[in-house]
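What follows is a set of notes on a single structure, which appears directly below.
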Amino acid sequence: SISNTYSPNAPAAKTGQGSAIGNREDLSTELTLLAPEETPLLSLCGKGTAKSTFTEWTADKLSAPVTTGISEGSDVSTFTDKFSERARLGNYVQIFRRDFQVSNLQQAVTSVGPANIAQAEAKSMRELKRDVEARICSDSDRTVENGAGTPYALRGLGAWLDSAGPTDVPADYRTPAASILDGVAPTETTFNDIIASIFSVNGEANSLTLVANVALRKLISNFTRSSGAAGSEAVYTVNQGAESKKVTHSVQLYDSDFGIVKMINGNPDCMTGASGYLVNPSYLQFNTLIPMGATRLENQGGGERGFVDMTGTLVCKHPGAHGKIILP
């Protein structure tokens, strides 16, 4: 609820007499909102449609190559079920909601911002997108509605990328241990090892994207200036033209033996799971059951109010297509 009460920090009304009585208050019309708002991981996901509270998809694999020959004139006596290795994966949808209210008095007055019902609704939508991003970035597992306080919840990417689970994911489709760096600061060698491990799963020269938090992004940038070797630190020398009169220390692309990795900053308020996710966007999707929308509720005397909500889930098409880094 919202109430318009006296604040001890508010400027006191000018009373009495004197030359300063006519001085105007100086309140800027500019409103500053200081908060990370980008949702890079959600933006990387392909967009799809969910049709149920539990979204499922299938994954398959090729059998190991056979190098033995076939004797001339031999008959085919055994047959292979080509679909015996298929696995069904799934994730529950999650309802995301943000409420808002503006008092009748606040709606009527002219304020900086402004601070009316339309602006409250728009702000709630921006907050809702960050809620979705934070859940996708999390290590939280999926839950099913039980009618006793546990709601539907989607499994975050951190929980999908686990070499020991989740238990509903067959071992053949889990993220290899070599694609996960846990509790150790990466070096250029170990970073390349993760990329190589991802390549070993799908055999593609991947176009990967690293969504990294602040600490990990700084470490990756230092790969271009130091070797990371303990004891005998080697410094890389890079020649750069001086025409622009600037020195570039930002790493946007990392060109490895197994594909190019694009570097982007994760939202620092939403990176609640791993320090960084090395993802192939082709194998990620976000399915929406109920699109984002706003609902206005009855004004019962206190002011205009309502909520924005949406329902959807994360589709991790193949956990082995991605990797993650968890800093100590």
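These numbers come from the heavy atoms of this one structure, side chains and all, not from hydrogens, waters or symmetry mates.
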Quiz prompt | Full working for side-chain hydrogen bond (donor to acceptor under 3.5 Å, both in side chains) between D99 and Q101 | solution = CA-CA 7 Å; D99 61 86; Q101 179 180 350; over 6 Å; no
Distance (rounded to the nearest 0.5 Å) between [X] [atom1] and [Y] [atom2]:
X	Y	atom1	atom2	value
H322	W160	NE2	CH2	10.0 Å
R135	T313	CZ	OG1	9.5 Å
N287	S52	CG	OG	11.5 Å
R130	L42	CZ	CG	13.0 Å
L253	M263	CG	CE	8.0 Å
Y254	I195	OH	CD1	6.0 Å

Quiz item: Are D257 and N192 close enough, and set up right, to give a side-chain contact (heavy atoms from CB on, under 4.5 Å), and what steps lead you there?
Solution: CA-CA 8 Å; D257 293 333; N192 273 295; 5.5 Å; no
Quiz item: Side chains of F191 and L181: does their closest heavy-atom pair fall under 4.5 Å?
Solution: no
Quiz item: Can you check whether A321's main-chain N or O pairs, donor with acceptor, with N202's side chain at less than 3.5 Å?
Solution: no
Quiz prompt | D168/R155 ion pair, N-O < 4.0 Å | solution = yes
Practice problem: Check the pair L219, L327 against side-chain contact (heavy atoms from CB on, under 4.5 Å), reporting the backbone distance first and the verdict last. | Solution: CA-CA 10 Å; L219 286 172; L327 294 179; 3.8 Å; yes
Practice problem: Please name all residues satisfying ring pair (Phe, Tyr, Trp, His ring centres under 6.0 Å) with F286, sequence neighbours left out, ordered by chain then number. | Solution: none
Quiz item: Only one of P319, S200, S197 forms a side-chain contact (heavy atoms from CB on, under 4.5 Å) with S179, so which one is it?
Solution: S197
Quiz prompt | Shortest non-hydrogen contact from G90 toward W57 | solution = CA-CZ3, 3.6 Å
Exercise. Taking side chain to side chain contact (heavy atoms under 4.5 Å, CB included) as the test, write out the residues that go with N299, two or more places apart.
Key: N104, E304
